[in-house]
Amino acid sequence: MRSPLWNKLALIFGPRPPISWLVLCLISVLALITVLGSSSSNAFEAATSTPAPDIYTNYRKLKEQAAVDYLELKSLSGGASRVKELGLCGKERENFVPCYNVSANMLAGYKDGEVFDRHCELSRELDRCLVRPPKEYKIPLRWPAGRDVIWSGNVKITKDQFLSSGSMTKRMMLLEENQIAFHSDDGSIFDGVKDYSRQIAEMLGLGSDTEFIQAGVRTVLDIGCGFGSFGAHLLSLKVMAVCVAAYEATGSQVQMALERGLPAIIGNFVSRQLPYPTLSYDMVHCAQCGIVWDDKDGIFLLEVDRLLRPGGYFVLTAPVNKVQGSSSTKKAKMVVPLEKFTDEICWSLLAQQDDTFIWQKTVETNCYKSRKQAAIPLCKGQDLQSYYQPLVSCISGVSSKHWTSIQNRSSGPYLSSAELELHGVQPDDFFEDLQYWRSSLKNYWSLLTPLIFSDHPKRPGDEDPLPPFNMVRNVMDMNAHYGGLNNAFLEEKKSVWLMNVVPVGAQNTLPLILERGFAGVLHDWCEPFPTYPRTYDMLHANGLLSHLSSERCSMMDLLLEMDRILRPEGWVVLSDRMGVIELARMLATQIRWEARVIDLQNGSDQRLLVCQKPFVRK
């Protein structure tokens, strides 16, 4: 039985093509191989040299496409068998977050809030499958429109939950049946987010909230952030605000914030420390976040104290409907249970206005030594890597070499030589890393721009797109090192934010990353990441696969976790050794990614694997 292709050729050349035609075809194929062999996959030839953004032209795009087509034809002609693809998971796992299995936690005997805490040790092995999007899922709107309007089918929350939400931090309106719109000027508490932010600034003695950075407030941990309106406003002021909220089976604050393109991560104030080092944030904010701060002998306040830098602020806004009476009565009811405790940990009540209270952490270590009766001791020994360690009933960080007032630090991402050396980083290494990522980002963008817009058909009503920062918003660097990629994005003024992940077991550079004013977190990549499915547009990892090759986890499990947290039509950029990249490419085909290997053409063993996740529907 002849194939359809053979029948078509027979119509053109006859049942037996002339020998001259066959010779001509053979010569053409050899010529094509020669041309492609000398020039294919050359898109990243300047990856480690001086950036040259003008070298990527339509010729480069056509050349790469020709190489891809040739390799596909070669694979087909060789009769290569197609790797079996993984199937789709059931509907019950559309919003599944591993390590947060409430039923399993209850069966294990956990009670109260601990049933909603992270327990990866209880995660049973699940069948390997691809988490599919909900039936109503749509590609998010481009930034910044996607910050204020999202598709209701993309998040696990019902209209009834919208309408019944009584929290003032969750005010929103339903524009249409399939969209949720957030008030940009009146989406939070009191007279709107902007007024609330200005009120906090005035309570700190500032003329305006635009002075937050000058006052040393560059990073804010927003606990129980509602749907992220306060954080969205802070980001517009160039203040990095990260939402942390408990896991919720429905109506998740973290899922909603990430869907809007805002930094967020699942985290609880229950029994374990958050995965941040001591002295990480300039401000911790809680507006009706639901935590009873004087519960359990104040151990949750001690965790806030551990996270706050010297001179940092704790902003607490109380529920209006739970505090009645005059202003002085409300102040007494709020402060009295906490006053003795905050004095003990050397916090001072800086200001109180309406239902908002601001404490400031001391910058003087002598304060702890001068306490008459120290009911709360200082923690002994060096601060260890804070990766979900049990909460401690002692004061952390007092003896740390990083004990520096927030008002006495560099005001931007470029730290001084003295500051770098405090982190154990040589200035030459740091600035070499900066230059490397400046060049690499230009090359990434030059590669992705034609791929994104050639692979994506123009959607109805779309204008001709600009470079792809309007289609990529949430980016994760899975092995962030010094945060060089984040810095390069800032310098290029791309409208993205990065979650800088420092793998457990690697050099702990997270204190450096956070001091630069970036978002970051510690994570063990042998475990699932604490986020909901479909929350990132791009995942990047340099050397992570080689790092994990000696660990206990499998590469397939890692790629499946990446697929879970990646949005449909999202991108993966992996840089690693050739052998590791080839294995990853083979596995990528099993999870239905479109994968391309790029040779850096710099004489090294390094290769790039660029993948795109398809929009799979059942």
Side-chain angles (χ1 to χ4, degrees), residues 86 88-108 110 113-134 137 140 150 153-158 161 223-228 242-275 290 387-388 474 476 478 499 501 504 519 521-537 539 553 556-568 570 591 613:
L86 293 179
L88 300 179
C89 303
K91 182 178 177 61
E92 70 280 358
R93 287 171 65 175
E94 287 179 356
N95 293 280
F96 178 65
V97 181
C99 300
Y100 290 90
N101 190 325
V102 177
S103 300
N105 295 344
M106 293 178 66
L107 290 174
Y110 291 104
E114 291 191 9
V115 299
F116 298 101
D117 212 345
R118 178 181 174 88
H119 297 288
C120 291
E121 69 279 5
L122 298 180
S123 296
R124 59 185 179 86
E125 291 292 330
L126 298 172
D127 294 335
R128 285 177 171 172
C129 57
L130 305 177
V131 176
R132 63 182 180 181
Y137 185 86
I150 67 173
N154 289 10
V155 292
K156 191 176 182 181
I157 187 169
T158 66
Q161 288 170 322
I223 303 172
C225 60
F227 295 144
V242 178
C243 167
V244 59
Y247 168 76
E248 299 167 278
T250 60
S252 167
Q253 302 170 67
V254 170
Q255 187 185 38
M256 190 74 72
L258 287 164
E259 188 66 23
R260 298 182 64 188
L262 307 173
I265 191 170
I266 298 173
N268 289 18
F269 276 76
V270 179
S271 61
R272 303 184 186 187
Q273 295 176 349
L274 295 176
Y387 185 68
Y388 298 110
N474 300 353
M476 179 186 290
M478 300 171 66
M499 179 61 75
V501 182
V504 172
V521 69
L522 282 171
H523 183 65
D524 182 352
W525 281 115
C526 294
E527 300 176 353
F529 192 79
T531 190
Y532 291 83
R534 303 170 302 279
T535 45
Y536 284 87
D537 302 301
L539 304 177
C553 45
M556 174 57 88
D557 290 337
L558 174 65
L559 295 182
L560 280 173
E561 174 62 8
M562 294 167 65
D563 184 80
R564 183 185 72 86
I565 67 180
L566 191 64
R567 285 174 175 165
I591 55 179
K613 175 181 176 178

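Because the structure is predicted, anything quoted here is derived from the model rather than measured.
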Step by step, work out the side chain to side chain contact (heavy atoms under 4.5 Å, CB included) result for F269 and L274.
-> CA-CA 8 Å; F269 276 76; L274 295 176; 3.8 Å; yes
Go through M106 and E114 one step at a time and tell me if the side chain to side chain contact (heavy atoms under 4.5 Å, CB included) criterion holds.
-> CA-CA 9 Å; M106 293 178 66; E114 291 191 9; over 6 Å; no
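With sequence neighbours excluded, the residues satisfying side-chain hydrogen bond (donor to acceptor under 3.5 Å, both in side chains) with N154 are E259. In this structure, the side-chain contact (heavy atoms from CB on, under 4.5 Å) partners of V131, at least two apart in sequence or on a different chain, are C89, P533, R534, R564. Take L566 and apply the side-chain contact (heavy atoms from CB on, under 4.5 Å) test, not counting sequence neighbours, and it matches L539, V572, K613.
Between Y247 and N268, the shortest heavy-atom contact is N-OD1, 3.6 Å. L560 and L130 get closest at one heavy-atom pair: CD2-CD2, 3.6 Å. Listed here is the closest heavy atom pair of I265 and V521: CD1-CG2, 3.7 Å. Nearest approach of R260 to G228, heavy atoms of both residues: NH1-C, 3.8 Å. For the residue pair M499 and A264, the shortest heavy atom distance occurs at CE-O, 4.1 Å. The shortest heavy-atom contact between G224 and A245 is CA-CB, 4.2 Å.
Under the 30°/60° scheme for interplanar angles, the aromatic rings of W525 and F529 are found to lie parallel.
Atoms CD1 and CG, from I591 and D563 in turn, are 5.0 Å apart once rounded to the nearest 0.5 Å. Here the CG-SG distance, from D524 to C553, works out to 7.0 Å after rounding to the nearest 0.5 Å. Atom CG of D117 is separated from atom OG of S271 by 4.0 Å, given to the nearest 0.5 angstrom. D557 contributes atom CG, which lies 9.0 Å from atom SG of C526 (distance to the nearest 0.5 angstrom). From C120, atom SG reaches atom OH of Y100 across 7.5 Å, with rounding to the nearest 0.5 Å. Atom SG in C243 sits 11.5 Å away from atom CE in M256 (nearest 0.5 Å).
At least one side-chain heavy atom of V501 sits less than 4.5 Å from a side-chain heavy atom of M476. R567 places none of its side-chain heavy atoms less than 4.5 Å from the side chain of P133. Side-chain contact between I266 and Y532: present, with at least one pair of heavy atoms (C-beta onward) separated by less than 4.5 Å.
Around the CZ atom of F116, the shell of radius 6.0 Å holds no more than 12 heavy atoms that belong to other residues, nucleotides or ligands.
Listed for the H523 side chain is no donor-acceptor partner under 3.5 Å among the backbone atoms of Y387. Within the 3.5 Å criterion, the main-chain N or O of L258 finds a donor-acceptor partner in the side chain of N474. With hydrogens and angles disregarded, no donor-acceptor distance shorter than 3.5 Å links the side chain of Q255 to the backbone of V155. Not a single donor-acceptor pair under 3.5 Å links the side chain of Q273 to the backbone N or O of Y388. When atom types are taken as modelled, the side chain of R132 and the backbone of E94 share no donor-acceptor pair closer than 3.5 angstrom.
A salt bridge links R118 to E527: at least one charged side-chain nitrogen sits closer than 4.0 Å to a carboxylate oxygen.
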